[in-house]
Protein chains: 2
Amino acid sequence: MYDNKFSEDVGSFFRSPVREIFKRVDLNAIYSFAGGYPSADTFPLEEIRQTMSDVIGKYGGQAFQYGATQGVMQLRQAVAERYSVPVERVQITSSSQQGIDVCTRVLVDPGDVILTSSPSYLGALQSFRSYRADIRGIAHRERIEDYRRAYEETIASVKAEGRKIKFLYMIPDFQNPSGESLTFEERKMLTELARTHGFLIVEDSPYRELRYEGEDVPTMYSIDPDVVIHLGSFSKIFAPGFRLGWAIAHPDILDKIYVCKQSLDLCPPVFDQYVAAEFLKSGRLDANLKKSIELYKGKRDLLLSLLEQYMPEGVRWTHPEGGLFLFLTMPEGFDAVRFYDTALDAGVAYVAGEFFHPDGSGKNTMRMNFSFMTHQRITEGVKLLAEILRKQQN
Amino acid sequence: MYDNKFSEDVGSFFRSPVREIFKRVDLNAIYSFAGGYPSADTFPLEEIRQTMSDVIGKYGGQAFQYGATQGVMQLRQAVAERYSVPVERVQITSSSQQGIDVCTRVLVDPGDVILTSSPSYLGALQSFRSYRADIRGIAHRERIEDYRRAYEETIASVKAEGRKIKFLYMIPDFQNPSGESLTFEERKMLTELARTHGFLIVEDSPYRELRYEGEDVPTMYSIDPDVVIHLGSFSKIFAPGFRLGWAIAHPDILDKIYVCKQSLDLCPPVFDQYVAAEFLKSGRLDANLKKSIELYKGKRDLLLSLLEQYMPEGVRWTHPEGGLFLFLTMPEGFDAVRFYDTALDAGVAYVAGEFFHPDGSGKNTMRMNFSFMTHQRITEGVKLLAEILRKQQN
C-alpha cells in the first residue's frame with residue numbers, strides 16, 4: 001500500500017542483525033556473547049539515585065526544561081576538561097550513535113566514499129548505507145608500510161573513479177568488533193593521509209577509558225585536531241540508558257552539526273545531562289569506572305583462558321587490551337551465519353563477523369562480547385559453544 | 001578550510017531564529033513571549049523525584065541499560081491505551097521533533113513536495129528544508145469550500161509540474177504559531193484529499209491535551225488511520241527535558257521509521273521512558289496536567305484581556321482554545337523582523353511571524369507565547385510591547 005511512498009534512502013536501510021537477534025530471543029534465557037551491553041552490575045544504583053536527588057535540589061525546574069542545542073554547559077565543561085579541549089569544541093549528542101549519524105548527514109552525499117577499517121562497527125555501516133555512501137573497507141596489516149600501501153591503493157582507485165572520499169571512520173581503541181587498537185605510528189600515518197588527500201577522520205572511541213593493560217595511546221584528534229572529529233560516549237563509562245555522547249571538533253564543523261541537531265531533536269535529554277555532569281564532577285564516575293575496569297578485566301581474562309582451554313584446533317582469537325569484545329576466526333570454510341541457528345538452538349548467541357565487513361567477507365569470523373554475562377555464564381557459554389563447534393567439525 | 005567538505009543538504013540548513021534569540025539574550029532578564037517553553041511551575045519536582053526512586057527500585061539496572069528501538073514496552077502500552085490504538089502502532093521517539101525529522105527522512109527526496117499550513121511550525125520547516133523538500137504553504141480560509149479549493153489548486157499545480165506530494169504536515173490542535181484549530185469537517189476534508197491524491201498526512205499534535213475551552217475534536221489519525229501518521233509529545237504534558245514523544249501509524253510505515261531509528265540513535269532515553277510510563281500509569285500525569293491546564297487558561301485569559309486593553313488600534317489577534325500561543329497581525333506595512341531590535345533593546349521578545357511562513361510572507365505578524373512567564377511579567381511585558389508599538393506608529 002505504501003510501496004511508492006518512501007524516499008530513496010529507505011531502499012538502502014538495513015536492519016541491525018544484532019537488534020533483530022534481541023527481538024528473537026530473550027537475552028537472559030540464553031548464553032549471549034552477542035550484544036555490546038555493559039554489565040548492569042556496573043550501574044551504581046544508589047549513587048545514581050542520590051545524584052538525581054541532588055540535581056533536582058540544585059537545579060529545580062531547569063533540569064526538566066528545554067536546553068541548549070549544544071548541550072548543558074556544565075556537561076560540556078566537564079567533557080572539555082576531561083579531554084583537555086576548549087568548551088567551544090564540545091557538542092553533546094543524544095548518544096554517540098547520533099554522533100556518527102549526524103557526521104554522515106552533514107558530510108556525505110549519495111555515492112560519496114567513506115573509508116573504514118574492515119571489520120568495523122555495524123551501527124556505523126548501517127548509518128553510512130542509509131545515506132547511500134560508497135563504503136570501502138580496508139583490513140589491518142601487521143607492517144605499517146603494508147598498511148599505508150593498502151590505504152594509498154584504495155585512495156588512488158577512488159580518485160581514478162572520480163569519486164570523493166569524505167571521511168575515514170576509525171575506532172582506534174579496542175575496536176568493535178575486533179578488540180584491537182591502533183599504535184601511535186598508525187594513527188599518525190592515517191591523520192597524515194587525511195591531510196594529504198583532503199578528507200576528514202571520524203574517530204569513534206566509546207571504549208577508550210576501558211583499558212585493562214598497556215599504556216594509553218594519544219587520540220587521533222590530539223594528533224591533528226583540524227582533520228579529526230572525535231566521538232565519545234557515556235554508555236560504557238556510565239550507563240547506556242541515558243543516551244549521551246559527545247563530539248569534539250573544529251568549530252566550523254561543529255557549527256554544521258549544531259544546526260543539523262536543531263532540526264533532528266532540538267537538544268539532548270536535559271535531566272540526563274545534569275545527572276551525567278554531576279556524576280562526573282563529584283568524582284563518582286571515576287570511582288565507578290575503576291570498579292568497572294576491574295570487573296571487565298576479570299571477565300576478559302576468564303574468556304581468554306576458557307578459549308585457550310576449550311576451543312577446537314584451528315580457531316584463533318584476538319587479545320584485546322580493553323573494551324568489550326574479542327574476535328574469533330574459525331577455519332576457512334566455516335560459515336558463522338549458517339551456524340547461527342545451530343548455536344541459538346543450543347542456547348548460545350554471538351554475532352557473525354561478516355556483518356562487520358563492508359564487502360561481506362569474513363564469513364568464518366564471529367564477535368564475542370565478554371562484558372554482559374557473569375563469570376559462571378561465560379564459562380558455561382564457552383563450553384557449550386566449543387562443544388557444538390567440535391560436533392560441527394566432525 | 002572545510003568549504004567543499006559538506007554534503008549538499010548542508011546548503012539548505014537554516015538556523016532557528018528562536019534558538020538564535022536564546023543565544024543572544026538571557027530569557028530570564030527580558031520579557032519573553034518568544035519561546036515555546038512550558039512554565040517550570042508545571043514540573044512537579046517532588047513527584048518526579050519519588051517516581052524516579054520508584055523506577056530504580058522496581059526496574060534496577062534495566063532502567064539504565066540499552067532498550068528496544070521501538071521504545072520501552074511499558075511506555076508504548078501506556079500511550080496505546082491513552083490513544084486507543086494497538087501497541088504495534090506505537091513507536092516512542094526521542095522528542096516529537098525527531099518524529100518530524102524521521103518522517104521526512106523516510107518519505108522525502110530532494111525536490112519532493114510537502115504541503116503545510118501557512119503559517120506553520122518553524123522546527124518542521126527547518127527539518128523539511130534540510131532535506132531540500134519543496135514546501136508549499138496554504139493559508140487557512142474561513143469557508144470550507146474556499147479552503148478545499150485552495151488545496152485542490154495547489155495539488156493541481158504540483159501535478160502539472162510533474163512533482164510528487166509526499167505528505168501534508170498539519171498541526172490541527174491549537175496550532176503553533178497561530179493557536180487555531182481545525183474543525184472536524186476540515187480534518188475530514190483533508191484526509192479525503194490525501195486518500196484521493198495519494199499522499200500521507202503527518203499530524204503533529206503536541207498541544208492536543210492542553211484545552212481551555214470548547215470540545216475535543218477527533219484526531220485526523222482516528223478519521224483515517226491508513227493515511228495519517230500521528231505525532232505526540234511529553235514535552236507539554238509532562239516536561240520537555242525528557243525529550244520523549246511518540247509516533248502512531250500503520251505498521252508498514254512504522255517499520256521504516258524503526259529501521260531508520262536504529263541508525264539514528266539506537267533507542268530513546270531508557271530511564272526517562274520508565275519514568276514517563278510510571279508517571280502516566282500512577283495517575284500523576286493526569287493530576288498534574290489538570291493543574292497545568294488551569295494555570296495556562298489563566299495566563300491565556302490574562303493575555304487576551306491585556307491585548308484588548310493596551311494594544312493600539314489596528315492590531316488583531318487569534319483567540320486560541322488551547323495550547324501555548326496566540327498570533328498577532330499588525331497593520332499592513334509593519335515589519336516584525338525590523339522591529340525586533342527595538343523590542344529587544346526595550347527588553348521584550350517575540351518571534352516574527354514571517355519565519356513561520358514558507359514563502360516569507362506574514363511580515364506584519366508575530367507569535368506570542370503565554371505559558372512561560374508569570375502573570376506579573378506577562379502584564380508588564382504587554383504594556384511595554386504596546387508602548388513601543390505606539391511609539392513606532394507615531
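Throughout, a chain's letter reflects where its sequence line sits, starting with A, and its residues are numbered from 1.
In this structure, Arg105(A) is positioned above the aromatic face of Tyr131(B), its NZ or CZ under 6.0 Å from the six-membered ring centre and within 45° of the axis.
With a 4.5 Å cut-off on non-hydrogen atoms, Phe234(B) does not touch chain A at all. Of the atoms belonging to Asp272(A), it is side-chain heavy atoms, and not backbone ones, that fall under 4.5 Å from chain B. Of the atoms belonging to Ala68(B), it is backbone heavy atoms, and not side-chain ones, that fall under 4.5 Å from chain A. Contact annotation for Tyr2(A): only side-chain heavy atoms (C-beta onward) come within less than 4.5 Å of a heavy atom of chain B. Both the backbone and the side chain of Val106(A) come within contact range of chain B, with heavy atoms under 4.5 Å apart. Interface residue Phe64(B): backbone and side-chain heavy atoms are both found under 4.5 Å from chain A. Using a 4.5 Å cut-off between heavy atoms, Leu200(B) touches chain A through its side chain atoms alone. Using a 4.5 Å cut-off between heavy atoms, Tyr59(A) does not touch chain B at all. Contacts between Gln70(A) and chain B at a heavy-atom distance below 4.5 Å involve the side chain alone, from C-beta outward. In this structure, chain B has no heavy atom under 4.5 Å from any part of Asp41(A).
Nearest heavy-atom pair, Asp226(A) versus Met1(B), reported as atom, atom and distance to 0.1 Å: CB-CE, 3.6 Å. Contact record, Asn4(B) with Lys164(A): O-NZ, 3.2 Å, taken as the closest heavy-atom pair.
Among Gly245(B), Pro240(B), Pro269(B), the residue with the largest count of heavy-atom pairs under 4.5 Å with chain A is Pro240(B). The choice from Ala40(B), Ala63(B), Cys260(B) that makes the most heavy-atom pairs within less than 4.5 Å of chain A is Cys260(B). With respect to chain A, the highest number of heavy-atom pairs below 4.5 Å among Phe167(B), Phe199(B), Phe242(B) belongs to Phe242(B).
Residues passing the salt bridge (Lys or Arg N to Asp or Glu O under 4.0 Å) test with Arg163(A), sequence neighbours excluded: Asp134(A). By the salt bridge (Lys or Arg N to Asp or Glu O under 4.0 Å) test, Arg89(B) is found to be paired with no residue, residues two or more places apart in sequence or in another chain being considered.
Side chains of Ser94(B) and Arg243(A): no donor on one and acceptor on the other come within 3.5 Å.
Remark: the backbone N or O of Ser16(B) is paired with a side-chain donor or acceptor of Gln262(A) at under 3.5 angstrom. Under a 3.5 Å cut-off, the side chain of Gln65(A) and the backbone N or O of Ser39(B) do not form any donor-acceptor pair. Judged by distance alone, with hydrogens and angles left aside, the side-chain atoms of Asp109(B) form a donor-acceptor pair with the main-chain N or O of Glu8(A) at under 3.5 Å.
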Is there a side-chain contact (heavy atoms from CB on, under 4.5 Å) between Asp101(B) and Ser263(A)? Walk through the geometry before answering.
CA-CA 7 Å; Asp101(B) 195 78; Ser263(A) 65; 4.1 Å; yes
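Under a 4.0 Å N-O distance rule, the pair Lys5(B)/Asp112(A) does not qualify as a salt bridge. In summary, Asp9(B) and Lys256(A) do not engage in a salt bridge, as defined by a charged side-chain N under 4.0 Å from a carboxylate O.
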